[in-house]
Amino acid sequence: MEIGIPEAFLERMAWLLGDEYPAFLASYEEPSLIGLRVNTLKLTPEAFRLIAPFDLSQRVPWCPEGFIVPVEEHPGQHPFHAAGLYYIQDPGAMAVARLLDPQPGDWVLDLCAAPGGKATHLAALLQGEGLLIANDIDRARARILVKNMERWGARNVVVTSERPDRLVERWAGCFDRVLVDAPCSGEGMFRKSEAARQEWKPALIAGAARRQQQILEAAAALVQPGGRLAYVTCTFAPEENEGVIAHFLARHPEFEIIRPPWYPGFASGRPDWLEGDRSGLDDGLWHTVRLWPHRAPAEGHFIALMRRRGEVAYDDVPRARVQAPPASARRAYEAFCAETLTINLDGELGWWGSTLYLVPTSLPDFRGVRVLRPGLPLGAIRKGRFEPAHALAMALRATEVRNMLRLSLSDPRVFAYLRGESFPSHGDDGWVLVTVEGYPLGWGRRTRGLLKSRYPRSLRGR
Ligand SMILES: C[S@@+](CC[C@H](N)C(=O)[O-])C[C@H]1O[C@@H](n2cnc3c(N)ncnc32)[C@H](O)[C@@H]1O
């Protein structure tokens, strides 16, 4: 096997899969797939097809906004990626948010969210209504999540970096949907990730299962009656999949497995691979989903969808009290809005770490929770003037600003802008929303016929 799949793993898979093993093994000879999920906050898949320079003939069966694209087309380096028109994601991972099925208006918590593949999908399915809290315990990874959310342009997303049990202290029973995309032994990623192959050893599995149980325990407390909980891994080990769920259901009779919609390529969970007595639990476990690289256009995944019994009851959850901005900051922001925007943005203005935020109108009390993004960053005050945030540009539509520079994809100024260069541009002085094919790339500042790129330095290409 050229890509160095661990022998002990293969031996175990041969034993578990039996007759199916040769097909599974052959899947490692195939390249991993690149999936592209269209950002439906910005455009429909149909509108994207009209402008996309990629081969979009292969659709993802379980995700109408998902496509499988040829690796050599490098969609990660395209200006449409900078414009947040899509997220590059394993097609299998696209099943998760679709099965959790958040409804606009819901409160959704993604407990292990970084770098943000599934969180961006959840935000898109909310369609700007309700609230997504995207959390990751690892602060550095949570910062990457903030960046990906910025590009995605979602307004109603809060990013936190906290231990799940600490979130329970504040938000027990608050959420309509909770996702646990658990840290795992990563066996399902062997085809695409050398790091996953190198880090794997059999001893990882038991430790991962213990950690997963702990995270799931906290997640359960965060779901409100009638709400849904999805547990996901990207590994094949039954101990981390059916085993964790069997253990969880034995402790939590208030949860039941629900049968998800079934798509071509889905395979059933395998409770028969578990050891020990699981009387009464097996029926539900057959309705968990396994994605196999030899059966579906996907890397390996496991998904269990559960429901907390009971009726949804919207108790009065204590709401967040956000610090109001200083009067001077508010005035500078209002002057910017009058000069630049054609709309009023919905939400409360908050002041957090010297940045002005648009805080979602419904937000639970977050005292004691480490928050990295309490809503949509609007901008900061520099030398007494309002400087709009890149995140604000990404959350606007071209029609929502007075000054817009519309560049076509073939215009060399697109790449000049993304490299941070200035170029001549006629029109009124002031803030200009620079767009590619009508979709925002970021801010520019025009002064006497010269437009200076304000594309963030950290994102600039060569
Ligand atoms: C599989 S990755 C998540 C991938 C992400 N959901 C996505 O779709 O892009 C698992 C994440 O769990 C985080 N993690 C590890 N232990 C955790 C814990 N106890 N609580 C919350 N997150 C944790 C890791 O930092 C990692 O980012």
Side-chain angles (χ1 to χ4, degrees), residues 34-37 39 60 63 66 76 86-100 102 108-125 132-149 151-152 154 157 159-171 175 177-190 192-193 195-196 199-200 204 207-222 229-237 240-241 244 291 298-304 369-372:
I34 294 204
L36 175 160
R37 180 170 45 73
N39 184 353
V60 176
C63 179
Y86 51 83
Y87 196 99
I88 295 167
Q89 188 177 34
D90 163 40
M94 296 180 196
V96 175
R98 277 277 158 195
L99 295 192
L100 190 55
V108 180
L109 173 65
D110 185 348
L111 207 47
C112 310
K118 298 172 190 82
T120 52
H121 200 181
L122 292 167
L125 295 176
L132 170 66
I133 297 186
N135 177 72
D136 201 282
I137 198 167
D138 181 322
R139 187 98 65 105
R141 286 176 65 84
R143 285 202 197 96
I144 298 170
L145 172 63
V146 169
K147 283 283 164 212
N148 281 329
M149 273 303 165
R151 195 171 58 81
W152 202 243
V157 176
V159 176
T160 60
S161 180
E162 200 49 92
R163 276 190 354 235
D165 58 315
R166 300 254 308 148
L167 297 182
V168 175
E169 287 168 21
R170 198 41 79 198
W171 296 334
F175 294 94
R177 301 282 189 269
V178 175
L179 170 61
V180 175
D181 187 15
C184 67
S185 59
E187 296 168 352
M189 293 297 124
F190 282 173
K192 78 177 210 188
S193 163
E199 282 162 22
W200 186 88
L204 277 185
R210 272 194 302 278
R211 184 150 62 140
Q212 289 150 355
Q213 278 160 7
Q214 278 167 7
I215 298 176
L216 204 48
E217 202 62 32
L222 290 156
L229 170 62
Y231 171 78
V232 179
T233 73
C234 56
T235 202
F236 300 116
E240 296 180 60
N241 295 326
V244 166
L291 289 170
E299 306 305 316
H301 275 89
F302 172 85
I303 309 169
V369 174
R370 215 179 309 155
V371 175
L372 301 191

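Order of appearance sets the numbers: ligands from 1, and atoms from 1 within every ligand.
Taken from CZ in R37 to CD in Q89, the straight-line distance is 4.5 Å, to the nearest 0.5 Å. One finds the NZ atom of K192 at 6.0 Å from the CD atom of E299 (value rounded to the nearest 0.5 Å). The CZ atom of F175 sits 9.0 Å away from atom CG of L132, with the distance rounded to the nearest 0.5 Å.
Protein residues are said to neighbour a ligand when one of their heavy atoms lies under 4.0 Å from it; for ligand 1 these are L111, C112, A113, A114, P115, G116, G117, K118, D136, I137, D138, R141, P164, D181, A182, P183, R211, I215.
Qualifying salt bridge (Lys or Arg N to Asp or Glu O under 4.0 Å) partners for R151, counting only residues two or more places apart in sequence or in other chains: none. F236 pairs by the ring pair (Phe, Tyr, Trp, His ring centres under 6.0 Å) definition with F24, W292, not counting sequence neighbours.
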When the side chains of residues 109-117 are checked against the rest of the protein, which donor-acceptor pairs come out under 3.5 Å, sequence neighbours left out?
{"residue": "D110", "atom": "OD2", "partner": "A119", "partner atom": "N", "Å": "3.4"}

